[in-house]
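Data first, discussion second: the structure below is written as C-alpha cells.
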Amino acid sequence: LKQRSSHYSAQPSKGRHIAYSPAAVEPMAALSTLAQTLTMTTLPLGPLALWQIRPSTLLGSLRCLEGVAAVLGLSWLALAACLRRRRLRGTPPGSLAPWESLFYLFSPLGFVEKRKELHGPVFKTNLLFAPTIHLTGEHAKLMLKNHSVGWPQHWVAILGRTSLTTINGPRHKFMRMSAMAAFTDAALENYMPVLHELTRKHLELWAAKSSTSGAFDPKDAIKAFTFEVAERILLGTNLGCGRHSMLATFTDFCEGLAAFIPWNLPFTTLRKAMRARATLIREYKRIIDIKRVEIEHGGRQTTDMVSLVIGAGMRGEPMTDEELQDFCLIIMFAGHDTTCATMQTMLHFLATNPKIWAELQAEVEGTWDGRAAPTWAQMKTCLSGKCGRFVSEVLRVLPPAPNIYRTVTEETEHFGYRIPKGWKISVNMEELHKESHSLDIDISLDHSRLRQLENCPFGVGARMCIGYKFAKVELVVWLMNLLSQCEIKITSSRRVVIPMAGMSVRAAFSLKC
C-alpha cells in the first residue's frame, strides 16, 4: 500500500488537555496517539477527560481499535486452525462436523456405507456429538481390545455412574459376576410361568382393542407388556399398568436417551428424564430395603432378579445400595425398549414372510398344545428350532441398538492411522452382519457357525449384554403364544431409528376360536 505521510501536532492547553489533529495515521500509530492523549492529561481518566478529547480524535481512534480487534480475532482463528490441524494430524480421513450426528440418525447403515465409499474402511466422523473413528469389516476387531464404554456423558448421568453399562475395570467384572445369579438356567426356568401368564393377558387386551378400534399402532401396548414383565420378574412387584404404575415415569426416563439437547437445562427432555430417574431410584430403594429385610429374616422365598442378586451378595461380597439401584434401572431399561422394538420388527417380518409364518406355526403346534404354560423343555425345543432361528434372524437383520461405542484410553495406531486418546471408536452391527450374509430373513441359517462380529446384536466381548438369554426366552415364549392363540393382520409398516431401530407397524389382533 502506498504510504501516506501523517502530521501529528500535540499542544497542551493550559495543563488541562491536549489538542490532537491526526491526518490519516496508521492504526497502530493512532492507537498509540490515543494512549498518549489520555496519559498526558492532568485530569484523572474518567468521563470528563474523555469529554475533553476532540470527537474526531476519539472516533478515529475507535475505528482503529475495531481494526485491531479484527486483526486479533483473525489471528486467534488462525491459531485455532493450526492447533486443530496439529491435533488431527495422522487421523483417518473424514469430517468432524457436528451435523454428522444428525445425518447418521436418518439412516445409520446408509451413513456408514456412503462414508466407507468416500474415505475407506476406517474413517473419522462425529457421532453422539463426539469425535469418533468408525471401523468397518475386519477392522471392527479393534473393538475386542477396548473395554471402556463410550457413551455420552448425559447417557452416563441418566443410566447411573455405577451401572453395569457405564462402569469400567474390576468393579464392572465384579458386578457382572454378581448379577449372573439372576440369569442362570434355573432362574430362567422359574420365570416361565410369569412370562406365559402376562403374555396371555396382554394378547387378550390387544385383541379386545382391535375388536373396537380395528388396526392400531401396538407400540404403547407392547411397552405396557414388556414393562409389566420386567417389573414382575426383575423387581417382584405387581403394580401393573393401573393408576399406581410407574410406566409413565419410566417412559419419561427412557426419552432422555433420545434427547437432542444433551444438557440438563430447565424445560428440556433431559431435565425431565433426570427428574424421572430420581423418582424411580426412590422407588427402587424402597423395594430393595423390603427385599433385604425379607431375606435376612428368612421370609417368603422369591425368585425375582433383585432378590437373587441380593441373596448372592449376602453369601459373598454384596453390591452397594447405589449399584443395586442402578442395576434395577438398567435391567428395566434393557428389558423394555429393546424388547419392544424387536417385537414390532418380528410382527413385520411375520406378515411379509407368510411361508416362514406357516413353518413357525407348524413347529409350535407340534411342540406345545397351547393350553397349559409351556414347559422349559418345550420352550428349549422351539428356541433351538425354527422359532429360535427366526428370533436370531430378526436381531441379526435389524438389531434394535445398531451401534457399539468404546472410548480409547491410550493413543492407538491402527491401519496406519493415529487414534487420539479420549476419542470414541464405533462399529455398526448392520454393516458387520451384511458382510457375512444378506440382510434377508433366512431361518435355515445356523447362527452358531457365524463368527462373533458376524452376529453381534447383543454386543461383543466383555461388554456383551448380560441378559441376552432372558431376552431370547421372553421373545420365544411371546412368539409361541402369539402363533398359538392369535390371528394377526398387518396393515402398514415403516422403518424407524429413534429411540430404537426397528419397524413400526399397525396391526389388528384377534383370538383364535
Test side-chain contact (heavy atoms from CB on, under 4.5 Å) applied to E228 and H202, step by step: CA-CA 10 Å; E228 191 169 358; H202 283 269; 2.8 Å; yes
Stepwise side-chain contact (heavy atoms from CB on, under 4.5 Å) check, C387 with V364: CA-CA 8 Å; C387 288; V364 172; 3.7 Å; yes
Smallest separation among heavy atoms of H147 and A462, with atom names: ND1-CB, 4.1 Å
CG-CE distance between L479 and M346, expressed to the nearest 0.5 angstrom: 4.5 Å
D252/K272 ion pair, N-O < 4.0 Å: yes
Aromatic plane relationship, F253 with F333 - under 30° parallel, 30 to 60° tilted, over 60° perpendicular: perpendicular
Sidechain-backbone polar pair: T184 side chain, M180 backbone, donor-acceptor under 3.5 Å: no
M177 CE: over 12 foreign heavy atoms closer than 6.0 Å: no
Whether S392 side chain and G388 backbone form a donor-acceptor pair below 3.5 Å: yes
Results of salt bridge (charged side-chain N to carboxylate O under 4.0 Å, His left out) for R232 - residues two or more places apart only: E197
Check against side chain to side chain donor-acceptor pair (under 3.5 Å), R463 and N168: CA-CA 10 Å; R463 287 286 177 180; N168 297 298; 2.6 Å; yes
NZ/NE/NH1/NH2 to OD/OE distance under 4.0 Å, R286 and E283: yes
Donor-acceptor contact below 3.5 Å, side chain T407 vs main chain V149: yes
Polar side-chain atom of D446 near backbone of S448 as donor-acceptor pair, under 3.5 Å: yes
Stepwise salt bridge (Lys or Arg N to Asp or Glu O under 4.0 Å) check, R495 with E430: CA-CA 14 Å; R495 177 73 184 270; E430 284 186 78; 3.0 Å; yes
pair K219-K223: side-chain heavy atoms closer than 4.5 Å: yes
Backbone of T165 reached by a side-chain donor or acceptor of W151 within 3.5 Å: yes
Check: T166 side chain, G160 main-chain N or O, donor-acceptor pair, under 3.5 Å: yes
Check against salt bridge (Lys or Arg N to Asp or Glu O under 4.0 Å), R161 and E322: CA-CA 9 Å; R161 300 192 181 279; E322 185 181 3; over 6 Å; no
Taking every non-hydrogen atom, the tightest pair across V408 and N146: CA-OD1, 4.2 Å
Donor-acceptor pair, side chain of S101 and main chain of L128, under 3.5 angstrom: yes
Spacing of OG1 belonging to T412 relative to CZ belonging to R418, to within rounding of 0.5 Å: 10.5 Å
Close side-chain approach of N455 and P457, heavy atoms under 4.5 Å: yes
Straight-line distance of I287 CD1 to C328 SG, nearest 0.5 Å: 7.0 Å
R275 bridged to E255 by N-O distance under 4.0 Å: no
Side-chain touch L135/H414, heavy atoms, less than 4.5 angstrom: yes
Residue pair D304, Y191: steps toward the side chain to side chain donor-acceptor pair (under 3.5 Å) verdict: CA-CA 8 Å; D304 57 85; Y191 305 149; over 6 Å; no
SB check E323 R171 (cutoff 4.0 Å): yes
Face-on cation placement of K116 at F123 ring, 6.0 Å and 45° thresholds: no
E393 with K386: basic N within carboxylate O range, under 4.0 Å: no
Any F415 side-chain heavy atom under 4.5 Å of P121 side chain: yes
R292 and D289 ion-paired at < 4.0 Å: yes
Aromatic plane relationship, F227 with H336 - under 30° parallel, 30 to 60° tilted, over 60° perpendicular: perpendicular
Pairwise distance CG(L195) to CG(N481) - rounded to 0.5 angstrom: 9.5 Å
Contact summary for H154 and G256, nearest pair of heavy atoms: CD2-O, 4.1 Å
Heavy-atom check, side chain of I261 versus side chain of T269, under 4.5 Å: no
Test side-chain contact (heavy atoms from CB on, under 4.5 Å) applied to K209 and L205, step by step: CA-CA 6 Å; K209 183 172 182 177; L205 291 174; over 6 Å; no
side-chain contact (heavy atoms from CB on, under 4.5 Å) involving E413 - partner list, sequence neighbours excluded: none
Test side-chain contact (heavy atoms from CB on, under 4.5 Å) applied to I288 and V306, step by step: CA-CA 7 Å; I288 289 168; V306 172; 4.3 Å; yes
Check: R396 and L450 side chains under 4.5 Å, non-hydrogen atoms: yes
Chi angles and distances behind the side chain to side chain donor-acceptor pair (under 3.5 Å) call for H134, T125: CA-CA 7 Å; H134 193 87; T125 183; over 6 Å; no
Under the side-chain hydrogen bond (donor to acceptor under 3.5 Å, both in side chains) test, residues paired with T199 that sit two or more places apart: none
Salt bridge D326-R277, side-chain N to carboxylate O under 4.0 Å: yes
Side chains of I233 and L198 in contact at under 4.5 Å (non-hydrogen atoms): no
Closest approach of L308 to A181 (non-hydrogen atoms, all atoms of both residues): CD1-O, 3.8 Å
Side-chain donor/acceptor of E454 to backbone N/O of R451, under 3.5 Å: yes
Parallel, tilted or perpendicular: ring planes of F509 versus F216, cut at 30 and 60 degrees: tilted
Check: G150 main-chain N/O paired with R406 side-chain donor or acceptor under 3.5 Å: no
For I295 against S307, the heavy-atom pair lying closest together: CD1-O, 3.6 Å
Main-chain N/O of T226 paired to T339 side chain as donor or acceptor, under 3.5 Å: no
Spacing of CZ belonging to F183 relative to SG belonging to C465, to within rounding of 0.5 Å: 7.5 Å
Point-to-point distance, once rounded to the nearest 0.5 Å, from CD1 of I425 to NE2 of H139: 13.0 Å
Beyond-backbone contact of V476 with V391, side-chain heavy atoms, under 4.5 angstrom: yes
Ring pair (Phe, Tyr, Trp, His ring centres under 6.0 Å) evaluation trace for F103 with F111: CA-CA 7 Å; F103 290 151; F111 175 92; 7.6 Å; no
